[in-house]
Amino acid sequence: MIDVAPLLADLTDDQRAAVQHGEGPLLILAAAGSGKTRVITRRVAHLLATGVPARNILAITFTNKAAGEMKARVEKLVPGNQVWVSTFHSLGARLLRMYGERLGFDRNFTIYDTDDRAKVVKAALDATGIDNVKYSPERIASEISKAKNQLLTPPQYERTATDFMRQVVAKVYHGYEKRLRMANAMDFDDLLYLPARALRENEELRRDLDARFKYVLIDEYQDTNMAQYEIAKRLSIDHPNLCVVGDPDQSIYKWRGSDIKNILDFERDFPAARVITLSQNYRSTKNILHAAGVLIDHNKQRKKKPLVTDNEQGTPVTALAFETGSDEADGVAQRIKEAVQQGRFKYRDHAVFMRINALTRSLESAFVKHGVPFQIVKGLAFFERKENRDVLAYLRLLANPQDAISFLRIVNEPSRGIGKVSLDKLQSFAADQEIGLLVAAGQVARVTEIKGKAATGLRDFHRLMTELRARMDLPPHELVQLVLEKSGYETMLKESGDQEDADRLANVGELITAAKQFWDEDNSRTVTDFLEQITLASDVDGWDEQSDQVSVMTLHASKGLEFPVVYMLAVEQGLLPHERSVGNTEEEEEERRLCFVGMTRAMKELHLCSARLREKRGQINYTIPSIFLQELPREVKFVDASGRNQARSAADEYRAKIGPAASDWADTGAQPYFPPKPKTEIKPNIVPGSADEFAPDAVVQHAEYGFGKVVEATGFGALRKVKVQFAGHGTKVFAGASIPLKVIKRKA
DNA sequence: CTGCTCGGCCTTTTT
DNA sequence: GGCCGAGCAG
């Protein structure tokens, strides 16, 4: 028996209570930085120590990286155990591979990513014959995704389809599912949806798994969706030892189907639940925690709760206002370099967060310029390169010959003289015969319309794949090498003489290295395992926290991490909060939580950056400081970092670029920073429907045109007219009592 | 069938 | 500013 004392020694009373809690549901409301990961890890170890068999414990984390870390920590505390620790998606994949055949699926299924999914949707959409479709495949795909997250089958969804769009989606959803099953493929949602439905409909399976996983622990519970909730619940009926950990203030994935109600209603769903609150923060300085606390307090739909820490006061949080986006990048790079040179921090102590990925570009060049080592934390980027996707498609088709998307991707890569026309014919032949495309390619002689080069090419391709399939016993990296040689892909890249192709060849070489590493870690791993790991990898999974580099990532990716020094970029209206959320209270509150998550990652220093001019889609616009900056407490230090003297030239360059093309656009007059206003601000007495609502010079926002400045406002009610100058959209006139404009800033 | 150019589109966040 | 798809020439 293992000694439990060391598992409890350095915990607070609340933490210890959570670790020691025995049977029955448990809700741990853990504030940011309250040591929840530690609590879950210890709890798993404690369960093992008190005699619970490892196979009866299931721990769910939000990323594979977190799963790996937890596994390692538990292993250290209780060596030699075999606890399942994984993400919901990996769990789903694992269950489907184990029980798939029992449920009517082939265990060698391919997991389709968002890109593949859009292609399948497009094919299904085209097949419906609905022309002049006004919905993009992506839009329909996300609607289907929502349906699956709500565990709706195509017929069930169809019954809810009252409006036109839903009717279109319902038709596509049918065909989409058919295509996925034909291709023996799963999309991300299937990995939750199918197990959830199986647990709901197959009582025998449900009972087996409930008994297998007597203790279920779920981290980041505030970001679970309905399918995940269903899985958790169905695994906790006979053995209701469900322990969930989360923080409603850190729910940031509503757009992906997460339902904050899962955590808010936990006590209703499990009336016997014990609730433990961890409110003490051990991560941040008082200044940082207070600023974050004051910000999140602006959310109306929120249970007030204290954020307390015994940590030092620390340096004030700063709001750094730069002149342009590139000044901002430069300034951040410089400041980080300085801190390292002065010996205050290491590079790896720094993180830079941003709302959207596109903002990494200017930062990248600034870091290169200043010689600051950095890594952009975006796990999949490498595997998303065309050449790597191609090679992986070969592997996917080998592992699953039914995979239509992979077939279409590589059948003519390198060129085998097979064009679109021939492929269309092959596809209709395959559909008629109800066979996969690869099998159809082997029977190309039966398709009389395909002849000449195309027919030979298809036959050769089929022969190639048959030959390669016989070598599936090879370790993944050797199989990749063989694919490259036999397919002609390597020759194609080698002989082109193009520098770009030489780079591609090098990337493919790195892919082989990655495959070898994967296999070296565990020789029993297969090609399918390799593919699955790549597809289910999250952005932080590729993060190297050992090397001394600045970490650059999105706010979403930063969840669960911590850094001594944090810079947040572009804290501006339209970016944070993002413009797509403006006007929707729920989404605005999620943006505020996102900002809160970013802020609470910081341990010692927090800097919120903004620029007065920001380039977006090749256009330069004046920005408006984020509403979140105004909501911060007074002790936040507003710093004008525009460095007039040196930044002048960059700003002037920007202005020169704005040029006559945008001369109709005037400075909004918004200041890059300002001291917070006193709460007792006198609201002007405005009659709704009157012209005063949009007084000239007010800064307003429109859902489509973005920010603008009111030029003229006259009339009342239905006769009201408001003329607005928009950045990049010229002047527009709005009329009537109800005008789709949001006032961002009234005339000073 | 291939490869090129042009134009329209987009762009939140991710498993 | 970048990507994808359509359209056209070879």
Side-chain angles (χ1 to χ4, degrees), chain A residues 60-67 86-93 111-119 122 136-139 141-142 145 148-149 186-193 220 223-225 227-228 251-258 353-362 377-381 384 386 412-424 450-457 496 532-541 553-559 570 574-582 587 590-591 593-595 597-598 615-620 657 704 706:
Chain A
I60 305 284
T61 58
F62 200 70
T63 63
N64 292 296
K65 187 177 181 69
S86 78
T87 64
F88 262 115
H89 286 87
S90 298
L91 170 74
I111 301 171
Y112 277 179
D113 66 17
T114 317
D115 247 42
D116 304 321
R117 180 181 75 178
K119 285 181 187 159
K122 187 164 188 316
S136 68
E138 288 78 13
R139 171 93 189 278
S142 88
S145 170
K148 284 192 180 178
N149 280 329
M186 303 283 174
D187 64 15
F188 285 131
D189 302 309
D190 283 335
L191 301 180
L192 309 173
Y193 165 85
E220 306 283 8
D223 277 322
T224 48
N225 64 28
Q228 291 165 333
S251 159
I252 54 174
Y253 282 98
K254 181 182 185 297
W255 53 274
R256 202 173 83 180
S258 300
F353 302 152
M354 50 214 65
R355 179 68 234 278
I356 58 170
N357 282 308
L359 286 173
T360 53
R361 231 168 277 143
S362 56
V377 181
K378 192 143 194 336
L380 295 161
E384 275 169 1
K386 183 196 176 299
N412 201 34
E413 194 74 48
S415 172
R416 297 182 178 93
I418 305 157
K420 193 183 173 307
V421 182
S422 309
L423 281 178
D424 282 347
I450 305 176
K451 37 189 170 301
K453 239 186 352 183
T456 321
S496 89
E532 179 172 314
Q533 183 188 278
I534 290 169
T535 314
L536 294 185
S538 60
D539 281 351
V540 284
D541 289 349
M553 66 189 85
T554 62
L555 285 165
H556 282 90
S558 79
K559 187 163 92 157
L575 278 166
L576 185 66
H578 194 271
E579 55 193 348
R580 301 251 323 232
S581 71
V582 173
E587 286 181 26
E590 180 151 313
E591 296 286 310
R593 289 194 293 270
L594 194 52
C595 189
V597 166
E615 192 173 347
K616 187 175 78 180
R617 273 182 234 172
Q619 267 208 333
I620 297 155
K657 267 201 260 174
E704 191 182 334

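Residue numbering restarts at 1 for every chain, and letters A, B, ... go by the order of the sequence lines.
- Residues A:Ser86 and A:Asn64 bring no donor and acceptor atom of their side chains to less than 3.5 Å of each other.
- Among the nucleotides B:dT13, B:dT15, B:dT2, the one closest to any side-chain atom of A:Asn357 is B:dT13.
- A:Asp189 has its CG atom 11 Å from the C1' atom of B:dT14, to the nearest Å.
- If you check B:dT12, B:dT15, B:dT2 against the side chain of A:Thr114, the one that comes closest is B:dT15.
- The pair A:Glu220-A:Lys559 meets the salt-bridge criterion, since a charged nitrogen lies less than 4.0 angstrom from a carboxylate oxygen.
- Distances shown here put a side-chain N or O of A:Thr554 below 4.0 Å from the OP1 or OP2 atom of B:dT14.
- Salt bridge A:Glu591/A:Arg355: present, at least one basic N to carboxylate O contact under 4.0 Å.
- Of the candidate nucleotides B:dT14, B:dT2, B:dT12, B:dT2 has the atom nearest to the side chain of A:Ser415.
- At whole-Å resolution of the value, CZ in A:Arg361 and C1' in C:dG1 are 7 Å apart.
- Out of B:dT12, B:dC1, B:dT2, the shortest distance to the side chain of A:Val421 is found at B:dC1.
- Here, C:dG5 and B:dT12 have their C1' atoms 24 Å apart, quoted to the whole Å.
- Taking atom CG of A:Asn149 as the reference point, atom P of B:dT15 lies 14 Å away to the nearest angstrom.
- Only the C1' atoms considered, C:dA6 is 22 Å distant from B:dT11, to the nearest whole Å.
- Checking A:Asn412 against A:Leu594, the closest nucleotide of DNA chain B that is more toward the 5' end is the one next to A:Asn412.
- Under a 4.0 Å N-O distance rule, the pair A:Arg361/A:Glu615 does not qualify as a salt bridge.
- Here A:Ser538 reaches the OP1 or OP2 of B:dT15: one of its side-chain N or O atoms lies under 4.0 Å away.
- Closest approach to the A:Arg355 side chain among B:dC1, B:dT14, B:dT13 is made by B:dT13 (side chain taken as heavy atoms from C-beta onward).
- Between the side chains of A:Ser142 and A:Ser145, not a single donor N or O lies within less than 3.5 Å of an accepting N or O.
- Taking atom CE of A:Met553 as the reference point, atom P of B:dT13 lies 15 Å away to the nearest angstrom.
- Rounded to whole angstrom, the span from the CZ atom of A:Phe353 across to the P atom of B:dT13 amounts to 16 Å.
- Rounded to whole angstrom, the span from the NZ atom of A:Lys386 across to the P atom of C:dC3 amounts to 13 Å.
- A:Phe62 places its CZ atom 8 Å from the C1' atom of B:dT15, with the value rounded to the nearest Å.
- Picking from B:dT15, B:dT11, B:dT14 the nucleotide with the shortest atom distance to the side chain of A:Arg580 gives B:dT11.
- If you take CD of A:Glu591 and C1' of B:dT13, they are 8 Å apart, rounded to a whole angstrom.
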